[in-house]
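In what follows, a single structure is set out as structure tokens and then discussed.
Quick note on labels: first sequence line is chain A, next is B, and so on, each numbered from 1.
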Amino acid sequence: MEFGHFLSALTPFNLVLALFGVVAGTVVGSIPGLTATMALAVLVPITFSMDPASALILLGAIYTGAIYGGAYAAILLNTPGTPSAIATTFDGYPMAKRGDGDLAVALACFASVVGGLVGAFSLLLLAPPLSKVALAFGPIEYFWLSIFGLSLIASLSTGNLMKGLAGGAFGMLLSTVGVAEVSADIRLTFGSQMLVGGFGVIGALIGLYCIPVLIDLVATPDRHLKMEEDVRSVRIGEAFRIAARSKINLIRSSVIGTLIGILPGAGGSVAGLVAYSEAKRTGKPHQKFGEGEPDGILATESANNATVGGGFIPTLVLGIPGTPPDAIVLGALLVQGVRTGPTMFSQSGSIVFTFIYGLLIATVLMLPAGLLIGRYAYKSIVNIPKAVLVPTVGFMTIIGTFSIRNSVTDVILMLGLGVFGWVVGRFGFAASPIVLGLILGPIAEQGFVQGWTIGSATGNLFGMFFGRPISQGIIAFTLITLILPLYTARRRRRKEREQT
Amino acid sequence: MLKRTFLKMGAALAVTASLATGAAAAELNGPVNYIIPFGPGGESDISARFQQPFFKDKFGQDMVISYQPGGGGAVAWATLNGLSDDGQTIMGVNLPHIIIKPAQKDVGFTTEDLNVFHMFHFTPDAIIVRADSPYQTLEDLVEDARANPAQVTMSGSGKATANHLAHIKFDKMADIQTTYVPFKGTGAAVTALLGNQVKAEWGYSTVAATQGEEVRMLAVAMEERHPLFPDVPTFKELGYDMVGGAYRGIALPNSATDEVTQMWSDMIAEINNDPEFRQQMLDNGFAMLDVEADGMDDFMAARSEEYLSDAREAGLID
């Protein structure tokens, strides 16, 4: 951890790589369907001819940029560019609609930098002890974590709880279609080969979020976003003051993001949602989450960028990748001859530390780069006529979905889900519970099956499900999340009754 | 650095050699798309990443790796024969997947549909425990399982996979009953082992290579000991006639001409024969395999018979 590694990360070549990586990542991440995984997979061969540290700096910069870039589409088009940005749509798009899109983009940038720094510093200073978190989570903890995630539906869908739960259940049902990862059963395909691959999360994300927006844009004469008299530059000062005021939220969300990032398989989408729900739970009464509340963007965007550093913790310490992009970085490391796993910090310390410093530098570079790109993206989306915007985005959704696994089937499923989402949306069913069910359903199923198998083999099913301390903590949080909305609703009703 | 210079010299020699032989029947035009039918980070991805720089050095073209996960590989394999057959697109194939999947249900392809032209390595099945496990030897585990039927829990990568078939086979051979807990991929199965969720893992020798001193491999399903683990006995030495694992190879669309197939088989063989490539694979716990296009039919027939009878006996297929 000596200072020398910091200096070797700071060479002009590495700085250029970090800047290029952040910019390229941001652009890729902003396009729905083009994921960080894909960008990294294509670019890995270029890094073979570099020395390992430079290669890693480039890959880390692309990754962190892509997670931030997902916010643009979420804010300006109501479509998460990556699954990590699902919760960014909740408040980002309402802000953009009322003409505050420039502010929202700047908030996302500040939050991403803070989250990214917290994640990267945790990786730098606490990686070995934090990697124990990944190991402490067994099947049953994942099961309860996903149940906790599903309980967020209750707190996220104010007013129409039943519709939220129905959406979540439908999402879980969709997640069981195709070949089950753990049981290898082929389910609910109705003899159709189209459904063998199941509903991919990213395709569903694009369909459920993007298509309804496009249909509405065509069906209504309104402008896409409210147009200001003159588009000001991104409101950096204002955003900075809001971010500084919400420092508790930023830090808490970044810590949540780091911790969830450490868990292999959970990822940025879960981290963003948990941080969002925590921000909402601890929010002040005047804050209107879901209607353009800046704290909502700050929570999600800091949490999802914190998962970048967090995810590298098990990748580098245990040799177990936390997310698909981490897995690609792991592959690149092996080709470079760097052995990940328990001995890595002692044997390849200089490479690892140069990489971590590079990640920190890239995160800092994201501030100017992100604000500049954000300003450009905002201006062009606001000024672009609807007749151009709709076909362009429509084309992107199809290309984006197709490119995930070169499958026409995925495009058809995406369009079908999109139209379905638009129809049920008119009856008050939101897209987020469905997507949440789709993401969390398999985690819940696997955890349950594995926990049940181990529990019955050792003759201790009850202890397996309810006796483990981390599980008990998660169960407690779940109960709070479920009961609190009911309690506040009752209190509000009582207050109203007293007033009348 | 010296290594790299060597590689470059080798590449230059290879180019000269191919110029000298001249009239090749088929040749590459531009970058090659190498489709991995799983997500990144698994053994298929890692071994493809190892091949990548050697391919570029030897044949001058980029090898672009893309991932098409879904249906345990079935999604990608069902599309293989619809892809362009000019040799610019190849796809990874895995055993036992391509034999077991179509036997379970109609998944859009049959084993015979796939033009598998080369099997280049395998990851031998192995039983792995944590370094602090009370099981010092395979016999310790077998004894515990015999005394406490079903109580020895073992993680493994998924159902109907090589790990799962090995579990079924070994339980039968040792006349014991252990509990197999399927996880999503090797990474998740290792996490469960390291996190003390299970007592042992049905994994591969690659796991022991990655985890180093954190784990102990009790036995490995190879004909002879793995060079990286000279102290770990084979199952055969211990009296269990088990050799196998997950085999990986490469396929082309079945409309590809014999010339294209031969060209690819030769190219993959050349990479596979490179001593530096072999060393890199072995250092990471893989085992080498050199089944080329002409030996493929016999190899597949033998594997099919074994996998299908194991799977049928375990009730995984009808």
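Of the atoms belonging to A:Ile320, it is side-chain heavy atoms, and not backbone ones, that fall under 4.5 Å from chain B. Only the side chain of B:Val198 comes within contact range of chain A, with heavy atoms under 4.5 Å apart. Heavy atoms of B:Ile46 lying under 4.5 Å from chain A belong exclusively to its side chain. Residue contact with chain A, scored on non-hydrogen atoms closer than 4.5 Å, involves the backbone and the side chain of B:Asp283 alike. Residue contact with chain B, scored on non-hydrogen atoms closer than 4.5 Å, involves the backbone of A:Ala134 exclusively. At a 4.5 Å heavy-atom cutoff, the contact between A:Thr37 and chain B is made by side-chain atoms alone. Looking at B:Glu214, only its side chain comes within 4.5 Å of chain A, counting heavy atoms on both sides. With a threshold of 4.5 angstrom between heavy atoms, B:Ala76 does not approach chain A through any atom at all. Residue B:Ser66 does not touch chain A at all, counting heavy-atom pairs closer than 4.5 Å. No part of B:Thr79 comes within reach of chain A, as not one of its non-hydrogen atoms sits under 4.5 angstrom from that chain.
Listed here is the closest heavy atom pair of B:Gln197 and A:Ala136: NE2-O, 4.1 Å. What you find for A:Arg339 and B:Asn284 is that their closest heavy atoms are NE-OD1, 3.7 Å. For the pair B:Gln280 and A:Val335, the tightest heavy-atom approach, listed with the atom from each and the gap, is NE2-O, 3.5 Å. The minimum heavy-atom distance between A:Ile328 and B:Tyr67, with the atom names listed, is CD1-CE1, 3.8 Å.
Side chain of A:Gln450 to backbone of B:Ala192: no donor-acceptor contact under 3.5 angstrom is found.
Contact count against chain B (heavy-atom pairs under 4.5 Å) is highest for A:Val44 among A:Leu318, A:Thr458, A:Val44, A:Ile404.
With values rounded to the nearest 0.5 angstrom, A:Ile454 atom CD1 is found 12.5 Å from B:Met154 atom CE.
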